[in-house]
There are 2 protein chains.
Amino acid sequence: MKDQKEIIRETNEKKIIQAAEQVFARFGFKGATTEMIARKAGLPKSNLHYYFKTKLQLYRVVLERILIEWMDAAEVFDQYQDPKTALTHYVEAKMQFSRNRPLASKVWANEILHGATVAGDFLRTEFKNWFEDKKQIVENWVQEGRIKPVDPYVLFYMIWSVTQHYADFENQIEILNNDEPYNEDEYQQKTDDVVNMILTSVRV
Amino acid sequence: MKDQKEIIRETNEKKIIQAAEQVFARFGFKGATTEMIARKAGLPKSNLHYYFKTKLQLYRVVLERILIEWMDAAEVFDQYQDPKTALTHYVEAKMQFSRNRPLASKVWANEILHGATVAGDFLRTEFKNWFEDKKQIVENWVQEGRIKPVDPYVLFYMIWSVTQHYADFENQIEILNNDEPYNEDEYQQKTDDVVNMILTSVRV
DNA sequence: GTCTATACGTTGATAGAC
DNA sequence: GTCTATCAACGTATAGAC
């Protein structure tokens, strides 16, 4: 049974983490201030420091949550044996992630861009394992002649970069779209086009 | 004829701009300190402020130079009428840019990621004009049946994101490559693969 | 044009009353 | 668990001697 304090702690931590993600996405780690995060969470700054000792610790928590979401979204890749189906669902999931969680994508992009100092451990362990596994699947597809011969690295980097571009560069995209954000239908259309081009690029 | 002071000014400004690009790429605008930039340029901090009144002004200069380089590298697109040749040279130029100027790419990515507050003007004018022009070329190719029907936006975002990924996410790439940077041959191989996949995706 | 010293604002973090 | 007051550190920018 959760007691009163525990509930308060959980709700406040959640509010802080959500606010932190917004501020980190917009201003980066150094550019974000604990004051901005606290205000967005509706708490005084000292309360934030009560729940998270340091800004770095809060940042770690935010990143960790993003990684978990990222891995969850990637599971869809394993659920289909057919290359076309697996790739279609995977690319669609990535495009949806960019649509629903652009802030998460931006925080991640910012982290890698500036040296992956915090995410480095995760990349070298869990992430690398995940990737080696997927790489093997793609290599099998190639050997079985089910897709055109492609370097798995090049394929995955293409999928990641293209899909994440719709989140990380949304400001640029919006400007080129006459300062209009995509509506649901338009975004679905882009998603279909991206899926189609990637499938075509491996000839499935 | 340039006098002594002018020469000193030019060399020092150049040193500062180059140092600034490195520091902005690594730490972002807010994360970069004028002290770090000055030290890397081999000057006292007050000298930096003598040449560039504010950090923001220095940042603007750095960004502007990057944009000029970017546009220069893009000119290759206009020099060929054949879709296959034009796309090949363009993608190769972009891949070379990521290889030779990863810092420039990162500064740009960081700028867009965090709201394009400084580059917004450029994007809405010069950049948009440039893009509208290229968009028309691609649409013509489609109408003439020389490439598969594709949304020009989706095609360009694919080219930009994939090529820039090799600069902006190089930390992640290096980790997945067992903490080894790509050598020249490997990078050339990736370049060929990227070109090939993009050409295939539009069926030329 | 160069450099030391410094003013001034901002920010991460804490103390201590409630 | 909350909040006001406060501090120490840092970072931008400038003054003024050389």
Closest-nucleotide ordering on DNA chain D, the 5'-leading residue of A/Y50 and B/H49
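The residue mapped nearer the 5' terminus is A/Y50.
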
Report yes or no: is there a donor-acceptor pair, N or O only, under 3.5 Å between the side chain of [X] and the base of [N]?
{"X": "A/T33", "N": "C/dT10", "answer": "no"}
{"X": "A/K45", "N": "C/dG12", "answer": "yes"}
{"X": "A/S46", "N": "D/dT2", "answer": "no"}

Does A/Y80 have its ring centroid less than 6.0 Å away from the ring centroid of A/H89?
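Yes, ring centres under 6.0 Å apart.
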
In this structure, is the centre-to-centre distance between the rings of A/W160 and A/Y153 below 6.0 Å?
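Centroid separation for A/Y153 and A/W160: 6.0 Å or greater.
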
If I take atom [atom1] in residue [X] and atom [atom2] in nucleotide [N], what distance separates them, rounded to the nearest angstrom?
{"X": "B/M36", "N": "D/dG11", "atom1": "CE", "atom2": "P", "result": "9 Å"}
{"X": "B/K55", "N": "D/dA13", "atom1": "NZ", "atom2": "P", "result": "8 Å"}
{"X": "A/E13", "N": "D/dT2", "atom1": "CD", "atom2": "P", "result": "11 Å"}
{"X": "A/L56", "N": "C/dT11", "atom1": "CG", "atom2": "P", "result": "18 Å"}
{"X": "A/Q57", "N": "C/dA13", "atom1": "CD", "atom2": "C1'", "result": "13 Å"}
{"X": "B/N47", "N": "D/dT12", "atom1": "CG", "atom2": "P", "result": "16 Å"}
{"X": "B/I16", "N": "C/dT2", "atom1": "CD1", "atom2": "C1'", "result": "12 Å"}
{"X": "A/I8", "N": "D/dC3", "atom1": "CD1", "atom2": "P", "result": "11 Å"}

I want to check one thing: is the phosphate of D/dG11, taken as OP1 and OP2, less than 4.0 Å away from some side-chain N or O of B/T34?
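So the side chain of B/T34 is outside the cut-off, no N or O lying under 4.0 Å from OP1 or OP2 of D/dG11.
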
Is it true that the NZ or CZ of B/K55 lies under 6.0 Å from the centre of B/F29's six-membered ring and within 45 degrees of the ring axis?
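Here B/K55 passes the 6.0 Å and 45° test against B/F29.
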
DNA chain D contacts among residues 24-32 of chain A, heavy-atom distance under 4.0 Å:
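Contacting residues: A/K30.
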
Matching residue for B/M95 among B/N100, B/D192, B/V194 - test: side chain to side chain contact (heavy atoms under 4.5 Å, CB included)
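Output: one option passes, namely B/V194.
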
Counting the atoms with a prime plus P, OP1 and OP2 as sugar-phosphate, which does B/F52 contact under 4.0 Å by heavy atoms, base, sugar-phosphate, or nothing?
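The answer is nothing, as B/F52 stays clear of every strand by at least 4.0 Å.
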
Are any non-hydrogen side-chain atoms of A/V91 and A/T163 less than 4.5 angstrom apart?
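Yes, their side chains come closer than 4.5 Å.
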
Between A/F156, A/F122, A/F77, which is the residue that forms a ring-ring contact (aromatic ring centres under 6.0 Å, His included) with A/F131?
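Exactly one candidate clears the test, A/F156.
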
So among B/R65, B/K40, B/R101, B/R26, which one has a side chain to side chain donor-acceptor pair (under 3.5 Å) with B/E21?
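Only one of B/R65, B/K40, B/R101, B/R26 forms a side chain to side chain donor-acceptor pair (under 3.5 Å) with B/E21, namely B/R101.
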
Can you identify which nucleotide, out of D/dT14, C/dT2, D/dG1, has its nearest atom closest to the B/N12 side chain?
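Of all the options, the side chain of B/N12 is nearest to C/dT2.
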
